[in-house]
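Order of the sequence lines sets the chain letters (A, B, ...), proteins ahead of strands, with each chain counted from 1.
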2 protein chains.
Amino acid sequence: MATMTRVAPDTQTRILDIAERLVQKRGFNGFSYADIAVELKITTASLHYHFAGKAELGRALIARYSARFFEALAAIEARLPDADARLEAYANLYAAVLREKRLCLCGMLAAEYDTLPKAMRESVLRFFDENERWLARVLEAGRKAGSLDFGGPPEEAARAIVCGLEGAMLVARPYRDIVRFQSAAQQLIASFTAKAGP
Amino acid sequence: MATMTRVAPDTQTRILDIAERLVQKRGFNGFSYADIAVELKITTASLHYHFAGKAELGRALIARYSARFFEALAAIEARLPDADARLEAYANLYAAVLREKRLCLCGMLAAEYDTLPKAMRESVLRFFDENERWLARVLEAGRKAGSLDFGGPPEEAARAIVCGLEGAMLVARPYRDIVRFQSAAQQLIASFTAKAGP
DNA sequence: GTCTATAGGCAGATAGAC
DNA sequence: GTCTATCTGCCTATAGAC
């Protein structure tokens with residue numbers, strides 16, 4: 001069992017925390033080592049001790065972000081048995097990010113994809129892939145159980161959900177309007193939910 | 001009546017053409033005056049004669065892109081009387097952009113919103129606003145005519161469509177997979193289309 | 001691990017000649 | 001309109017001391 005002790009985060013972790021926020025808010029091309037250094041009150045030279053270059057830092061960011069996200073998905077499965085509740089919880093993961101006025105890390109990197117170091121590109125796509133696989137399983141199970149209703153293969157439905165939620169974040173964020181996101185997300189999920197009735 | 005004569009584009013237009021492509025592919029923070037200068041075979045100093053700074057260039061890009069987009073919307077209305085056909089044509093505008101491996105200009109700028117010169121921000125939001133207004137009118141008319149079917153106010157449905165299409169471009173582009181976009185767009189539109197039936 | 005110092009490059013921008 | 005020349009600033013990155 002994990003202990004409850006919270007130790008102060010080490011330098012590597014703090015670098016990742018700051019860099020993650022900067023990428024999600026300003027993009028990978030919108031921040032510099034200097035931004036991190038100022039906030040952490042160390043020099044840019046010291047940053048290079050922890051991460052050889054921006055590309056390596058970027059790779060580490062995606063790896064940590066993905067790992068945490070997939071842990072959150074596992075937690076949803078452990079906590080909620082129903083497919084429709086799982087879908088709602090999934091959308092709430094996105095909402096929580098938006099509430100901090102951030103974009104999904106990989107959504108932001110998708111926009112900047114053409115300018116990313118090669119080492120980062122593949123792992124951005126794998127993030128989406130794994131999201132879609134998880135959603136497809138949820139959707140398939142929900143359809144079998146009768147709580148969800150949609151036509152076509154669950155993989156395609158899963159892709160539409162990822163697209164819809166990423167897009168809702170992208171558009172809602174500059175308006176600073178969480179309601180805009182919630183509305184789009186709710187309509188999206190509703191279009192996969194079985195209608196009660198005759 | 002407009003003449004059929006195509007004159008060679010002037011320098012301003014060529015600058016805008018190149019810059020537009022660069023922003024849609026690489027982002028506003030992902031290209032420089034030097035990139036344009038090389039391609040146009042003039043110096044960066046000359047660029048400053050046509051556009052005082054990058055912010056002014058950015059403003060001009062949004063203005064031209066928006067104007068053309070709204071012209072395209074007017075053309076759809078002139079050509080297609082049915083709401084469901086108009087929706088499909090609307091999605092095809094996005095698909096045409098994606099086919100050139102570009103993101104929507106304002107979708108890209110939405111991702112970079114926090115780093116944009118102030119002069120550019122407002123016009124990005126106005127682009128989305130006007131898209132939503134147009135869609136809301138189409139949706140409302142379609143519901144009255146019976147070709148479309150959805151619950152809630154047309155303004156909210158319109159927002160969900162903009163979000164869904166922007167997101168589908170964002171995610172599909174790094175995969176270089178137009179089918180991924182088409183699938184998401186089709187599901188989205190289908191969720192607003194009246195079902196034929198008993 | 002963190003620092004100072006510095007390299008080398010690229011960014012956006014301007015002055016002034018033609 | 002376009003050029004050369006130049007500026008200032010920021011960027012990533014490295015060498016080497018502590």
>> Is it the case that over 12 heavy atoms from other parts of the model lie below 6.0 angstrom from the CD atom of A:Glu56?
In response: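 Yes, the 6.0 Å shell around CD holds more than 12 heavy atoms from other groups.
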> More than 12 foreign heavy atoms under 6.0 Å from CZ of B:Arg121: is that the case here?
Replying inline: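 Above 12, so yes.
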>> Under the rule for side-chain contact (heavy atoms from CB on, under 4.5 Å), what residues qualify as partners of B:Thr13, not counting sequence neighbours?
In response: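 Result, side-chain contact (heavy atoms from CB on, under 4.5 Å) vs B:Thr13: B:Pro9, B:Asp10, B:Asp17, B:Arg64.
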>> Whether the A:Asn29 and A:Thr115 side chains hold a donor-acceptor pair (N or O, under 3.5 Å, no angle test) is what I'd like checked.
In response: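 Their side chains do contain a donor-acceptor pair, which is all the 3.5 Å distance test asks for.
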> Judged by modelled atom types alone, do B:Ser191 and B:Gln187 share a side-chain donor-acceptor pair under 3.5 Å?
Replying inline: no
[X] [atom1] to [N] [atom2], straight-line distance once rounded to whole Å:
X       : N      : atom1 : atom2 : value
B:Phe51 : D:dT2  : CZ    : P     : 12 Å
B:Ile36 : C:dA11 : CD1   : C1'   : 13 Å
A:Gln12 : C:dG1  : CD    : P     : 8 Å
A:His50 : C:dT2  : NE2   : C1'   : 8 Å
A:Leu47 : C:dT4  : CG    : P     : 13 Å

>> I'd like to know if the side chain of B:Arg173 and the backbone of B:Arg102 have a donor-acceptor N/O pair within less than 3.5 Å.
In response: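 No; zero donor-acceptor contacts below 3.5 Å.
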>> How bent is the helix from C:dG1-D:dC18 to C:dC18-D:dG1, measuring the angle between the end axes built from five pairs each, rounded to 10°?
In response: 10°
> Please walk me through it: do B:Glu77 and B:Arg137 pass salt bridge (charged side-chain N to carboxylate O under 4.0 Å, His left out)?
Replying inline: CA-CA 11 Å; B:Glu77 280 190 288; B:Arg137 278 194 285 116; 3.3 Å; yes
>> For nucleotides 3-18 of chain D, give me one character per nucleotide, 5' to 3': B if any protein heavy atom sits under 4.0 Å from the base, S if the only such contacts are to the sugar-phosphate, - if neither.
In response: BB------SSBBB---
>> Name the residue from A:Ile189, A:Val138, A:Val162 that meets the side chain to side chain contact (heavy atoms under 4.5 Å, CB included) definition with A:Tyr90.
In response: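 So, applying the side chain to side chain contact (heavy atoms under 4.5 Å, CB included) to A:Tyr90 and each of A:Ile189, A:Val138, A:Val162, only A:Val162 qualifies.
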